[in-house]
Amino acid sequence: MPVQCSSCAEKRAVLKRPKTGHSLCKECFFWAFEEEVHQTIVSANLFKPGETVGIAASGGKDSTVLAHLMKLLNERYNYGLELMLLSVDEGITGYRDDSLETVKRNQQQYELPLKIVSYEELYGWTMDAIVKQVGLKNNCTFCGVFRRQALDRGAVMLKVDKICTGHNADDVAETVLMNVLRGDIARLRRCTAISTDSEGEGVVPRCKPLKYAYEKEIVLYAYFKKLDYFSTECIYSPNAYRGYARTFLKDLESVRPSSIMDVIHSGENLCVREGVKMPVQGTCSRCGYISSQALCKSCVLLEGLNRGLPKLGIGKHHRLHDKILSQQPLTEEEERKLKAVDFCQS
Ligand code: SF4
Ligand code: ZN
């Protein structure tokens, strides 16, 4: 027997909301989903009228739904924001080149300006070239560090006041779990924040309007709205550790859908004991970007790539950074350690 929408009690329900279990018709689902994101934005005071906001756009479902919602809510509720799309081209043939085509279509559909910054122009390296040198085990470390800085650089070029990213509730919960499993207290404390203040020059404040939106609902929303998005996975995506956290979380979600929100709330309420040492933020002596070390992670990784020592930024080699910084030659043993890369083709 057809189930009636539990919200309007008029139309036929077409879905059961993964987050609440309510059976809803399409229109009531759209409304509920949009209103929740609006509430997230309003209650966390994410934007101020007159601000210019860069939407980090990859062409994937999260950022496409984010761009669609930001435009819709900005008009519906008069946020008074000027919106732009900001994309990073990592240089991944067969993946990013195709997904950027989606972003370019989104730009036309949403009539928003678009800026694309590429790893090649910023760092002189594409991910294709990086993977050739470092293999498929630590490639996401390079990509993640470079992307963070690339978005900031693009945002500075666009002169935006803020960047919003498509991180959803599942992403945040996964990150909480990963930081617990790695014992990374500094990141654990930061990762649930819905917005970050500018941490220094060249670092643009960021926020996550989809922080409480379930991935499954984002997919449903994109599907029923017939949004134009790119759904292929990155060809260099081993990211085993995040994969385990993701599978674990999905298993938890299947027995208890509230697990995702529960993990986020646990992360939000964790408090770090007094006296726990936290990294002190300074600036990179080479590029001026924020860093808790003399050289920022991006500069260390880049130096490693340029010198054919790809392991320099992977693991604990801080002692060697000073040597590198002062252009001192490395011993044979040090070079050997930094050259060895475990190639993992899985
Ligand atoms: Fe970059 Fe890894 Fe993501 Fe691919 S999966 S885009 S290499 S971070
Ligand atoms: Zn640097």
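Counting starts at 1 for both ligands and their atoms, following the listed order. For clarity, every value in this text was computed on a predicted model and none was experimentally measured.
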Angle class for the [X]/[Y] ring planes (parallel below 30°, perpendicular above 60°, tilted otherwise)?
X	Y	value
Phe30	Tyr221	perpendicular
Phe29	Phe33	tilted
Phe146	Tyr119	perpendicular

Where ligand 1 meets [X] - atom numbers and elements under 4.0 angstrom, heavy-atom basis:
X	result
Asn139	7 (S)
Arg147	1 (Fe), 3 (Fe), 6 (S), 8 (S)
Cys234	4 (Fe), 5 (S), 6 (S), 7 (S)
Cys143	1 (Fe), 6 (S), 7 (S), 8 (S)
Ser237	5 (S)

* Look at Arg96 together with Glu101 and state whether they make a salt bridge at an N to O cut-off of under 4.0 Å. =>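 No, no charged N to carboxylate O under 4.0 Å.
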
* Does the pair Lys216/Asp170 count as a salt bridge with the N-to-O cut at 4.0 Å? -> no

* Asked: Just wondering, is there an N, O or S atom on Cys140 that's nearer than 2.8 Å to atom 1 (Fe) of ligand 1?
  -> no

